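Below is one structure, written out as structure tokens, with a few remarks after it.
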Amino acid sequence: MPELPEVEYTARQLRSSVVGTTIRDALVFWERTIGHPELATFLLKVADRRIEAIRRRGKYLVLDLEGDLFLSIHRRMTGNLFLLPAGWEIDTSLRETDPVAWSTRGPSFLATSAVDLVEGSSYSVDLAKTWYCRVCFNLADGRRLLYTDPRKFGRIELWPRDCEAVAFKGVGPEPLSTAFNAKQLTQALAGRKSAIKQVLLAQEAVAGLGNIYADEALYLASIHPLRRADSLSPTEIELLYQGIVSVLTLGIEHGGTSFSGYRDLWGEAGDNYDHMKVYQQDGKRCLRCGALIERIVLAQRGTHFCPGCQKLTVE
DNA sequence: ATTTAGACCTGTCAGC
DNA sequence: TGCTGACAGGTCTAAA
């Protein structure tokens with residue numbers, strides 16, 4: 001679900017709201033969400049740790065904890081993070097009354113009698129939708145950091161700080177870093193025979209692009225998604241580099257792309273879906289040339305492009 | 001060595 | 001109304 005802009009947006013919100021706070025403990029409602037270390041160790045080690053800093057690495061959200069540890073959170077398709085104010089109780093009664101439903105939905109949330117209901121109702125997290133909570137971090141000040149994930153693909157891991165190479169294996173250069181440029185992209189694409197879109201999705205050449213922003217970046221660069229990665233001209237690579245930086249930067253500025261599931265830390269949807277040029281725009285007219293946007297399947301992923309401005313063959 | 005299908009999961013929506 | 005199939009912001013692994 002979230003690609004680089006959504007992760008970055010959440011990271012910025014977390015940075016201004018939880019740095020300096022202590023994680024009292026964690027509640028895990030779906031064990032497989034914890035990818036490392038095994039659950040008992042994870043619970044033991046994460047408890048009573050101060051959150052020192054928030055970072056992002058590709059699509060990973062990173063919470064640096066005291067004691068040279070870091071939490072990495074990868075939301076995959078449907079993961080979300082919500083910061084719940086103090087004053088809400090976790091209702092786990094479903095665990096006993098309907099174990100099957102509990103397994104898919106997890107706990108629900110109830111306002112305690114002490115909660116100011118006006119404050120509660122103005123909060124953007126739809127508490128009906130915060131079902132599918134998989135992990136809850138109880139903060140020392142009473143707030144809760146909720147990890148929700150209907151499809152259960154996301155993973156949360158806890159690593160020593162010197163294990164970044166393992167934790168982020170295969171994650172390539174950061175596209176919004178000043179160190180990233182067209183020359184670096186050229187080297188990363190050299191010798192890659194696969195379709196350029198597949199290479200972009202693989203994270204190794206450049207980190208953080210997913211299905212939405214890969215399609216959008218290729219459109220901005222006027223490059224057909226099926227072009228062989230090593231066939232791009234220097235001009236095309238320069239355009240692709242600019243396109244990647246552009247779509248990601250705009251995505252962050254618009255608060256991320258929400259077309260169904262993604263919400264920010266406060267439960268708000270982002271606006272970036274209103275700015276899609278090709279992604280899920282098949283059947284509509286290209287804003288540049290007026291051709292009809294097409295959808296194909298590439299590496300089992302829906303792929304959207306303009307056949308008018310993104311040509312497969314040179315004429 | 002690469003490509004590709006399958007696995008992991010659940011919800012939603014279109015069509016019959 | 002139900003049922004079925006396609007599809008969804010991702011990544012890993014086994015088989016071809």
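Remember, predicted model here, so these are calculated numbers, not experimental data. The basis for the numbers below is simple: all heavy atoms, side chains too, and nothing from hydrogens, waters or symmetry mates. Here is the naming used below: chain letters follow the sequence lines, and residue numbers restart at 1 for every chain.
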- Task: With sequence neighbours excluded, tell me which residues meet ring-ring contact (aromatic ring centres under 6.0 Å, His included) with A:Tyr273.
- Result: A:Phe259
- Query: Hey, are the side chains of A:Gln13 and A:Leu81 touching, using non-hydrogen atoms and a 4.5 Å cut-off?
  - Reply: no
- Nearest whole angstrom, please: distance from the P of C:dG9 to the CD of A:Glu8. 22 Å
- Task: In whole angstrom, give the distance that lies between atom CZ of A:Phe259 and atom C1' of B:dT12.
- Result: 12 Å
- Query: Just checking A:Tyr213: base, sugar-phosphate only, or nothing, at a heavy-atom cut-off of under 4.0 Å?
  - Reply: nothing
- Message: Over all strands shown, is A:Arg295 touching base, sugar-phosphate only, or nothing at heavy-atom distances under 4.0 angstrom?
- Response: sugar-phosphate
- Under 4.0 angstrom between A:His74 side-chain N/O and C:dG10 OP1 or OP2: no
- Would you check if A:Tyr241 and A:Pro175 make a side-chain contact, meaning some heavy-atom pair closer than 4.5 Å? no
- Task: Determine the contact category for A:Thr104: base if any of its heavy atoms lies under 4.0 Å from a base atom, sugar-phosphate if only primed atoms, P, OP1 or OP2 are that close, otherwise nothing.
- Result: sugar-phosphate
- Flag this pair as yes if the NZ/CZ of A:Arg95 is under 6.0 angstrom from the six-membered ring centre of A:Phe29 and inside a 45 degree cone about the axis; otherwise no. no
- Message: Please classify the glycosidic conformation of C:dG9 as syn (within 90° of 0) or anti (everything else).
- Response: syn
- Message: It should be established whether A:Lys59 places a side-chain nitrogen or oxygen under 4.0 Å from OP1 or OP2 of nucleotide C:dG9.
- Response: no
- Using a heavy-atom distance cut-off of less than 4.0 Å, which residues of residues 186-208 of chain A contact DNA chain B? A:Ser194
- Using a 3.5 Å limit on both pairing distances, list the dot-bracket string of DNA chain B from the 5' end; Watson-Crick and G-U wobble pairs count, crossing pairs take [ ], interstrand pairs take |. .|||||||.|||||||
- Task: Step through the shown structure and confirm whether more than 12 heavy atoms of other residues, nucleotides or ligands are within 6.0 Å of CD on A:Glu31.
- Result: no
- Item | Base of C:dG10 and ring of A:Phe153 stacked, centres under 5.5 Å, planes under 30° | yes
- Task: Please examine the side chains of A:Tyr213 and A:Leu4, heavy atoms only from C-beta on, and report whether any two atoms are closer than 4.5 Å.
- Result: no
Using a cutoff of under 3.5 Å, can you pull out all pairs of nitrogen or oxygen atoms linking the protein to nucleotides 13-16 of chain C, with atom names and distances?
none

Donor-acceptor pairs under 3.5 angstrom involving side-chain atoms of residues 189-199 of chain A: please list them, not counting sequence neighbours.
| residue | atom | partner | partner atom | Å |
| --- | --- | --- | --- | --- |
| A:Lys197 | NZ | A:Asn211 | OD1 | 2.5 |
| A:Lys197 | NZ | A:Asp215 | OD1 | 2.9 |
| A:Lys197 | NZ | A:Gly302 | O | 3.2 |
| A:Lys197 | NZ | A:Thr303 | OG1 | 2.9 |

- What pairs with A:Ser72 under side-chain contact (heavy atoms from CB on, under 4.5 Å), at least two apart in sequence or on another chain? A:Tyr60, A:Phe70, A:Glu157, A:Trp159, A:Phe168
- Message: As a test of understanding, state which of A:Val18, A:Asp25, A:Thr22 forms a side chain to side chain contact (heavy atoms under 4.5 Å, CB included) with A:Leu139.
- Response: A:Val18
- When you compare C:dG5 with B:dA7, how far apart are their P atoms, in angstrom units rounded to a whole number? 16 Å
- Item | Contact check, side chains of A:Pro2 and A:Thr10, non-hydrogen atoms, under 4.5 Å | no
- Message: Taking only the P atom of each, what is the distance from C:dC7 to B:dA5 in whole angstrom?
- Response: 14 Å
- Item | OP1 or OP2 of B:dC9 under 4.0 Å from side-chain N/O of A:Arg32 | yes
- Query: Think A:Arg301 has a side-chain N or O under 4.0 angstrom from the OP1 or OP2 of C:dG9?
  - Reply: yes
- Query: How about A:Tyr262 and A:Glu3: does a side-chain donor come under 3.5 Å of a side-chain acceptor?
  - Reply: no
- Query: Would you say C:dA8 has OP1 or OP2 under 4.0 Å from some side-chain N or O of A:Tyr262?
  - Reply: no
- How far, in whole Å, is B:dC9 from C:dC3 if one measures between their P atoms? 25 Å
- Task: Taking only Lys NZ, Arg NE, NH1 and NH2, and the carboxylate oxygens of Asp or Glu, determine whether A:Glu164 and A:Arg57 approach each other closer than 4.0 Å.
- Result: no
- Atom CD of A:Gln300 and atom C1' of B:dA7 are separated, to the nearest Å, by 11 Å
